[in-house]
Peer 1: 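I am attaching a structure below and will ask some questions about it afterwards.
Throughout, protein chains are lettered first and strands after them, A, B, ... in sequence-line order, and every chain is numbered starting at 1.
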Protein chains: 2
Amino acid sequence: MLCPDGGCQDPPAGTGRPPRHPPPTVIEMPRTAVFSGRTVTRPTIDDIARRAGVSKSAVSFALNDRPGVSPATRERILRVAAEMNWRPHKAARALGGARADAVGLVVARPAQTIGAEPFFGLLLAGLQSGLSARSVALHLMIVEDTAAEIEVYRRWTSERHVDGFVVVDLQHRDRRVPVLEELGVPAVVLGGPSGHGTLPGVWADDREAMLSLVDYLAALGHRRIAHVAGDEAFHHTRRRMRALKDAARRLHLADAVSVPTDFSDAQGASATRALLSGPRRPTALVFDSDVMAVAGLAVAAEMGVAVPAGLSVVSFEDSLLTRIVHPSITALGRDTFGLGGQVAATLLAAIDEPGSVRDVKTATPRLTVRESTRAPYPRTTA
Amino acid sequence: MLCPDGGCQDPPAGTGRPPRHPPPTVIEMPRTAVFSGRTVTRPTIDDIARRAGVSKSAVSFALNDRPGVSPATRERILRVAAEMNWRPHKAARALGGARADAVGLVVARPAQTIGAEPFFGLLLAGLQSGLSARSVALHLMIVEDTAAEIEVYRRWTSERHVDGFVVVDLQHRDRRVPVLEELGVPAVVLGGPSGHGTLPGVWADDREAMLSLVDYLAALGHRRIAHVAGDEAFHHTRRRMRALKDAARRLHLADAVSVPTDFSDAQGASATRALLSGPRRPTALVFDSDVMAVAGLAVAAEMGVAVPAGLSVVSFEDSLLTRIVHPSITALGRDTFGLGGQVAATLLAAIDEPGSVRDVKTATPRLTVRESTRAPYPRTTA
DNA sequence: GGGTTTAACTAAACCGCTCTAGTAAAAGGG
DNA sequence: CCCTTTTACTAGAGCGGTTTAGTTAAACCC
């Protein structure tokens, strides 16, 4: 059954059409590729076919678990393939119209920001973990601005470089959404519940979260709450600001102001300084990000405002940061890693069965109470 | 010259061999692909050739800036290609033996860690920025352990999925190095100056940095310095520990102990607690990472040890974190973003011209003095 | 036992692009 | 003016898979 070592060539009824170019002197060795001067052998299904004494097609059938080969032959082919340490050539498969088995994540942010926020890294890790379970790779690209981001969407789509995209940082009237819709490529937007057109969105209920947060602070006795918000261009920032307003009205709070920033520690710090120096100093500060919360904490310390005695601090985003500082910061936590996994699952579903996928609402962030919050001094119960 | 609209088929002397399968009724339209139920047109060089009235080869020559077409024809072809919004099909090119135009970064770390450290995100951003200048994509993979990491190296190499790898977290007697050498794939190791075999390494002089750091603390009057180190499995951790020992001997310090940890905030905190509760309390603590430094700062605050009055704190790694906490932390800073760029450049060079690349020593980290360091109380000048 | 079905396998088209070999015409050379 | 060289182009092999159509030979059915 098995060919003698060294490989046999087309044993049963080989047509043996002559090789086209100068006939190679040796045809037994699997073709080699050159990497850094050293040659690396790389068997193809042709090599396997020759060794196993069957045709290319039989090998393909066997390797892909398709009918058309007998169990015995199948097993033999698989054994030979394993022996030769064969792996499919991605490009060759892709050329045949198969998937790229990769999804793209293109981020338009100043590079420094990427590293700064734990959020991004965790999301990345969760995304990866969800994708790698299905052996789908993640192509990451960091670009200057939205225009460049859109260009990458166009290029990668037409090059069939990826099977779909993950879109982050959903903005108000986001320009990327119509482009992706037009390209017709599967994509999942991190954000919602609106503003992402027909693309499926994965979102957490920021509104609900803000309402519960304000409820908690009000229950403690806080009547003057300020919100150091993120960038107003972002969808979720706007939702949070609106939710604070609504909660304040419902609870008849004395003060409830939102100050937009660019998410940077610098602007977070200066907003905090301004709020704490104002005439009607808030008794509680809500920060839209962990980085800003920590920066705000430092400002309070510098200004001699004790936390939580003189000021309660809450972060809208939980992470390592809020845990390790002193005092540790009460924060709304969501499972960012898990979120990444959900996004991955949604995107894979959208790739497999376009149209079948609808929005996914993730668990509403829950409050972890730490050292930075407490009832305000009586005097502030204006 | 130009064909009439609608496309002309093989105008000059077309052989016109009959189509093999059922002859298509319409052959004018460029082939289409289906994405999510909608069809997306995707012209191939054949479509361009037909439209421009030339052969496939001529189109290929024109698009790749190769000789073999007259300037006039070349221009015409380029115009048609632009009109049809043609883009090369990556897989098709790759199949011909071309580059994958991508490099891989495989990280074996607990997912949570990825997000925690600003270092990683910054490195990623710098890497990306260096790569995208040459339109090389980054394939990111996060795996469980080193075994899985090695498996990915093997798979991606044989699948021709990437042209090279970036290797991070160099360990003592690193198992990955011999595998990559055996695979013969271009790879750059972040770390050095030794332990990475024949692979080029990009490294910062941790030894030099530690020496200068201890010099600084000693000059302030500190004689008892403790070092909350990272994981001893890592190469750079060992180098730092050894450097501290050497510096202590040279400067005749009273105490200079290194406590290894797993880099986590928890172990950083407990190490700090242990050191501060001991009989001969150090007057200065050096932390191997920014996260541990911040955690250590919190422990000091809890224990009522004032920083910098009763304890100086230094971080071996600078980032946003060390800047935003209060007191801000004196830290050894390196340009992590730039480092990523250097790694990218080195890897691209290694891919282009294997063997030509040697190790790259980056700038030695420099100390940024902030609020967390000061001369110790006289009593400790034992 | 003749005809039909099925299983197991082979041949080769095909995906989109690159690149070598070949060809005809124009240019150059003595 | 004939021969060689160069230029501008075409044909088609080849990359490594998948997949369809075709080819046996065995199995099945009255």
Peer 1: Using the side chain to side chain contact (heavy atoms under 4.5 Å, CB included) criterion, which residues pair with B/Ala100? Sequence neighbours excluded.
Peer 2: B/Asp163

Peer 1: Pairs in or reaching into residues 135-168 of chain A: which pass ring pair (Phe, Tyr, Trp, His ring centres under 6.0 Å), with residues at least two apart or in two chains?
Peer 2: A/His139-A/Trp156, A/His139-A/His161, A/His139-B/His139, A/Tyr153-A/Phe165, A/Trp156-A/His161

Peer 1: Write out all pairs satisfying salt bridge (charged side-chain N to carboxylate O under 4.0 Å, His left out) with one or both partners inside residues 125-149 of chain A, taking only residues at least two apart or from two chains.
Peer 2: A/Arg134-A/Asp352, A/Glu149-A/Arg176

Peer 1: State whether B/Ser70 places a side-chain N or O below 4.0 Å from either non-bridging phosphate oxygen (OP1 or OP2) of D/dC9.
Peer 2: yes

Peer 1: Roughly how many Å is it from CZ in A/Arg160 to P in D/dG17, rounded to a whole number?
Peer 2: 21 Å

Peer 1: Between B/Leu95 and B/Arg74, just flag the one whose closest nucleotide in DNA chain D comes earlier from the 5' side.
Peer 2: B/Arg74

Peer 1: For B/Glu75 and D/dA8, what is the distance between atoms CD and P respectively, to the nearest whole Å?
Peer 2: 15 Å

Peer 1: What N/O pairs connect the protein and nucleotides 17-19 of chain C at under 3.5 Å? Give each pair on its own line.
Peer 2:
residue : atom : partner : partner atom : Å
C/dC17  : OP1  : B/Trp86 : NE1          : 3.0
C/dC17  : OP1  : B/His89 : N            : 3.3
C/dC17  : OP2  : B/Ile45 : N            : 2.7
C/dC17  : N4   : B/Lys56 : NZ           : 2.7
C/dT18  : OP1  : B/Asn64 : OD1          : 3.3
C/dT18  : OP1  : B/Asn64 : ND2          : 3.1
C/dT18  : OP1  : B/Arg93 : NE           : 2.6
C/dT18  : OP1  : B/Arg93 : NH2          : 3.0
C/dT18  : OP2  : B/Ser60 : OG           : 3.0
C/dT18  : OP2  : B/Asn64 : ND2          : 3.2
C/dC19  : OP2  : B/Arg66 : NE           : 2.9
C/dC19  : OP2  : B/Arg66 : NH2          : 3.1

Peer 1: Tell me every residue that passes side chain to side chain contact (heavy atoms under 4.5 Å, CB included) with B/Ser70, counting only those two or more places apart in sequence or in another chain.
Peer 2: B/Ala72, B/Thr73

Peer 1: Sequence neighbours excluded and cut-off under 3.5 Å, please list the side-chain donor-acceptor pairs for residues 81-89 of chain B, or say none.
Peer 2:
residue : atom : partner  : partner atom : Å
B/Arg87 : NH1  : A/Glu151 : OE2          : 3.4
B/His89 : ND1  : B/Ala91  : N            : 3.2
B/His89 : ND1  : B/Ala92  : N            : 3.4

Peer 1: Let me know the distance between CZ of A/Arg50 and C1' of C/dT10, rounded to the nearest Å.
Peer 2: 15 Å

Peer 1: Quickly work out the A/Arg99 CZ to C/dC15 C1' distance and round it to whole Å.
Peer 2: 17 Å

Peer 1: Quick one: do B/Glu182 and B/Arg154 make a salt bridge, cutoff under 4.0 Å?
Peer 2: yes

Peer 1: Round to a whole Å and report the spacing from CD of A/Glu159 to C1' of C/dC15.
Peer 2: 16 Å

